[in-house]
Amino acid sequence: MASGPSTVVRSSLPYQILLYFNGWYTGVFILAELLLFIYKGETLPYPRGNLLSEIALLLLLGCLEGIRIFLGQKGNLTERGTSVGLSLVFGIATLLGFLYMTLWQTYVLRLEVILTCIAIVFIGLELLFGFISLISFARAASYS
């Protein structure tokens with residue numbers, strides 16, 4: 001058996017797993033929130049224009065979250081710090097979006113608080129593991 005030069009894999013498996021499951025969770029979250037907006041629009045007296053602006057914010061949050069997860073996965077697998085760094089920046093933006101969904105919506109249901117808290121925990125863990133991955137990639141670049 002030939003032994004070639006060994007390479008050290010610096011990608012983070014926990015970070016990749018979190019990104020994978022958060023991708024699925026985000027899809028379920030967006031669908032559940034759209035259904036909750038239909039319910040709230042039918043049963044609660046919304047001020048003019050608030051419902052549409054909150055739905056637009058939800059769709060923007062979903063797009064931003066999709067971009068963030070894509071950048072995080074690709075950056076982690078290719079061990080590129082710039083993609084992971086951009087994912088961390090987008091992570092802070094999506095964290096603020098989820099905080100809006102939890103705290104500052106016109107009407108917040110208990111189910112929405114539970115769903116957004118789960119998303120906030122996902123993002124918090126991904127920020128932690130993404131930062132650790134970024135440090136690992138930067139150390140590898142400085143030693144090569």
Side-chain angles (χ1 to χ4, degrees), residues 4-44 46-144:
S6 64
T7 58
V8 176
V9 177
R10 288 185 168 70
S11 337
S12 171
L13 181 62
Y15 182 49
Q16 194 70 24
I17 291 171
L18 281 169
L19 288 168
Y20 176 79
F21 284 118
N22 193 17
W24 283 102
Y25 180 76
T26 299
V28 170
F29 174 82
I30 298 296
L31 181 63
E33 277 292 323
L34 286 173
L35 293 173
L36 285 171
F37 275 127
I38 291 171
Y39 168 75
K40 290 192 300 186
E42 291 295 319
T43 59
L44 299 171
Y46 259 89
R48 188 175 194 92
N50 279 16
L51 183 62
L52 289 178
S53 64
E54 288 181 355
I55 290 173
L57 178 68
L58 175 69
L59 296 177
L60 177 68
L61 181 62
C63 291
L64 190 63
E65 184 75 354
I67 292 169
R68 182 187 72 81
I69 290 171
F70 175 78
L71 285 173
Q73 286 178 335
K74 294 304 174 189
N76 186 40
L77 291 176
T78 59
E79 298 180 5
R80 296 188 187 260
T82 54
S83 296
V84 174
L86 279 172
S87 175
L88 294 177
V89 170
F90 285 149
I92 293 169
T94 57
L95 186 63
L96 291 175
F98 281 113
L99 283 175
Y100 174 84
M101 299 297 284
T102 306
L103 302 173
W104 301 301
Q105 272 190 87
T106 305
Y107 296 107
V108 181
L109 303 176
R110 185 172 298 164
L111 179 60
E112 287 178 307
V113 171
I114 294 168
L115 291 173
T116 54
C117 285
I118 292 170
I120 289 170
V121 167
F122 262 120
I123 292 174
L125 288 172
E126 288 168 7
L127 287 172
L128 175 69
F129 281 105
F131 188 69
I132 292 170
S133 296
L134 191 63
I135 291 171
S136 172
F137 301 156
R139 281 188 178 173
S142 66
Y143 289 132
S144 347

#### Entry: Residues Leu125, Val121; criterion side chain to side chain contact (heavy atoms under 4.5 Å, CB included); working and verdict
CA-CA 6 Å; Leu125 288 172; Val121 167; 4.1 Å; yes

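Residues Phe137 and Asn76 meet the side-chain proximity criterion, which asks for heavy atoms closer than 4.5 Å. Looking only at side-chain heavy atoms (C-beta outward), Ile30 and Leu34 come within less than 4.5 Å of each other. Counting heavy atoms from C-beta outward, Leu61 and Tyr100 have side chains that stay 4.5 Å or more apart. Contact of the Phe90 side chain with the Phe70 side chain is not registered, since no non-hydrogen atoms from C-beta on lie closer than 4.5 Å. The shortest distance between side-chain heavy atoms of Thr102 and Val108 does not fall below 4.5 Å.
Looking at every heavy atom in both residues, Arg10 comes nearest to Glu79 through N-OE2, 2.8 Å. Nearest heavy-atom pair across Ser11 and Leu77 is OG-O, 4.1 Å. Across every non-hydrogen atom of Leu99 and Trp104, the tightest pair is O-CE3, 3.9 Å.
Expressed to the nearest 0.5 Å, how far CG of Leu109 lies from NZ of Lys40 amounts to 5.0 Å. Note that CG of Leu95 and CD of Glu65 are 10.0 Å apart. Values are rounded to the nearest 0.5 Å. Taken to the nearest 0.5 Å, the CG atom of Leu36 stands 5.0 Å off from the CG atom of Leu111. Leu127 CG to Thr94 OG1: the interatomic distance, rounded to the nearest 0.5 Å, is 7.0 Å. Rounded to the nearest 0.5 Å, atoms CD1 (Ile120) and CG (Leu96) are 9.5 Å apart. Between atom CG of residue Leu71 and atom CG of residue Leu88 there is a gap of 10.5 Å, rounded to the nearest 0.5 Å.
A donor-acceptor distance shorter than 3.5 angstrom exists from the side chain of Gln105 to the backbone of Met101, with no hydrogens or angles considered. Proximity of a side-chain donor or acceptor of Tyr25 to a complementary backbone N or O of Leu115 within less than 3.5 Å is detected. Between the side chain of Ser133 and the main chain of Phe129, a donor-acceptor pair closer than 3.5 Å is present. Without hydrogens or angle criteria, Ser87 side chain to Arg68 main chain gives a donor-acceptor distance under 3.5 Å. Between the side chain of Lys74 and the main chain of Ser83, no donor-acceptor pair closer than 3.5 Å is present. In this structure, Glu54 contributes its side chain and Thr106 its backbone to a donor-acceptor pair below 3.5 Å.
Taking the six-membered ring for Trp and thresholds of 30 and 60 degrees, Phe98 and Phe29 have ring planes more than 60 degrees apart, a perpendicular arrangement. Ring-plane geometry between Trp24 and Tyr20 is classed as perpendicular, the angle between the planes exceeding 60 degrees on a 0 to 90 degree scale with a lower cut at 30.
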